[in-house]
Visitor: 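I'd like to ask you about the structure that follows.
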Amino acid sequence: DAKTTQPPSMDCAEGRAANLPCNHSTISGNEYVYWYRQIHSQGPQYIIHGLKNNETNEMASLIITEDRKSSTLILPHATLRDTAVYYCIVRVHGSSNTGKLIFGQGTTLQVKP
Amino acid sequence: EAQVTQNPRYLITVTGKKLTVTCSQNMNHEYMSWYRQDPGLGLRQIYYSMNVEVTDKGDVPEGYKVSRKEKRNFPLILESPSPNQTSLYFCASSRRQGGTDTQYFGPGTRLTVL
């Protein structure tokens, strides 16, 4: 699975959009980009995933560059409850260990009032 | 409500005293997995199971055992716990599909081995 690079920390004002970047320059054509977050030692929570098209759900939007070497997770209106560690993960579907997630260090997002 | 449950949530034990951490999911998921989380090392996979009676080692399996006798349950067994197994443990499950498979995590079990 491709390695990802994320900034270690970011701040965001409450009510503003939080844009979390992720670099995955060695991603291959069959690898998806996933985002999870972990709030204060709770179990990681799935946010969104995509292959090459931009995706949106009730939690966030995922923007993947055309060359797929980087992506951005967007929380449109961050709240204090969005303060968490955000993990960007890329992985192949259908491998022998189909569910394995390789977590890096992630980005600690601090939403401030 | 779809969920993954773990018990106990907190446990303090002593070296060598066998313990079991239970994990159960109510989503009829085929795939289940155990991770441990340590400061500076992130989450690492211990064992996983693709289905009933099918288990395999993850990245850090030493000192752990698992079993998958029923689809919903995937207990983690520490036969002789040691202090280096002090950690935060997470169980996870997902539907095994060829396409996208969202993984659901339990709330975690914080284990301290003295």
Side-chain angles (χ1 to χ4, degrees), chain A residues 1 3-9 22 29-60 62 64 71 73 84-108, chain B residues 2-7 9-10 21 23 25 27 29-51 54-61 68 74 87-111:
Chain A
D1 292 342
K3 183 178 178 180
T4 62
T5 304
Q6 300 176 250
S9 63
C22 180
N30 60 349
E31 288 184 308
Y32 285 72
V33 180
Y34 278 76
W35 284 83
Y36 281 76
R37 72 180 183 184
Q38 186 175 24
I39 299 172
H40 192 52
S41 295
Q42 297 178 20
Q45 176 190 23
Y46 166 81
I47 302 173
I48 198 167
H49 73 277
L51 183 62
K52 53 185 176 181
N53 298 320
N54 297 338
E55 302 287 345
T56 296
N57 63 20
E58 65 278 3
M59 288 183 69
L62 174 61
I64 302 175
S71 59
L73 177 74
V85 179
Y86 287 77
Y87 296 99
C88 170
I89 300 165
V90 295
R91 68 181 185 90
V92 179
H93 286 173
S95 62
S96 59
N97 186 355
T98 187
K100 181 178 178 180
L101 297 171
I102 299 176
F103 289 83
Q105 297 304 308
T107 296
T108 299
Chain B
Q3 60 182 350
V4 178
T5 57
Q6 296 179 227
N7 282 293
R9 295 288 314 280
Y10 302 90
V21 184
C23 172
Q25 50 94 3
M27 295 167 280
H29 284 166
E30 293 85 1
Y31 183 95
M32 297 185 75
S33 177
W34 277 102
Y35 294 83
R36 60 177 289 174
Q37 186 172 28
D38 304 288
L41 296 176
L43 284 104
R44 295 175 293 167
Q45 191 185 55
I46 304 170
Y47 267 96
Y48 66 96
S49 170
M50 300 289 246
N51 214 324
V54 181
T55 64
D56 208 345
K57 297 176 181 178
D59 296 321
V60 287
R68 188 91 182 272
F74 190 45
S87 187
L88 180 57
Y89 291 87
F90 292 103
C91 180
S93 75
S94 67
R95 194 177 313 279
R96 181 188 174 193
Q97 296 176 338
T100 59
D101 47 346
T102 300
Q103 199 146 142
Y104 294 83
F105 284 79
T109 295
R110 188 169 292 280
L111 172 66

Visitor: Go through the atoms of B:L88 and report whether side chain, backbone, both or neither lie under 4.5 Å from a heavy atom of chain A.
Guide: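 Contact with chain A is through the side chain of B:L88 alone.
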Visitor: Return the option, out of B:G42, B:G40, B:S93, with the maximum number of heavy-atom pairs under 4.5 Å with chain A.
Guide: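 Most heavy-atom pairs within the cutoff with chain A belong to B:G40.
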Visitor: So, for A:L101 and B:Y35, which heavy atoms are closest and what is the spacing to 0.1 Å?
Guide: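 Scanning both residues completely, I find the closest heavy atoms to be N-OH, 3.1 Å.
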Visitor: B:Q103 vs A:Y36, test: side chain to side chain contact (heavy atoms under 4.5 Å, CB included). Steps then yes/no.
Guide: CA-CA 9 Å; B:Q103 199 146 142; A:Y36 281 76; 3.2 Å; yes
Visitor: Please flag which part of B:R44 lies under 4.5 Å from any non-hydrogen atom of chain A: side chain, backbone, both or neither.
Guide: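 Neither part; nothing is under 4.5 Å.
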Visitor: Which pair of non-hydrogen atoms, one from B:L41 and one from A:Q105, has the smallest distance, and what is that distance?
Guide: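 In this case the closest contact between B:L41 and A:Q105 is C-NE2, 4.3 Å.
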Visitor: Which bit of B:D59 is near chain A, if near means a heavy-atom gap under 4.5 Å: side chain, backbone, both or neither?
Guide: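 Side chain of B:D59 only, per the 4.5 Å heavy-atom cut-off to chain A.
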Visitor: Measuring heavy-atom distances to chain A, does B:Q37 have an atom under 4.5 Å in its side chain, in its backbone, in both, or in neither?
Guide: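 When you check distances to chain A, only side chain atoms of B:Q37 fall under 4.5 Å.
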Visitor: Answer with side chain, backbone, both or neither: which region of A:Q42 has an atom nearer than 4.5 Å to a non-hydrogen atom of chain B?
Guide: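 Just its backbone gets close to chain B.
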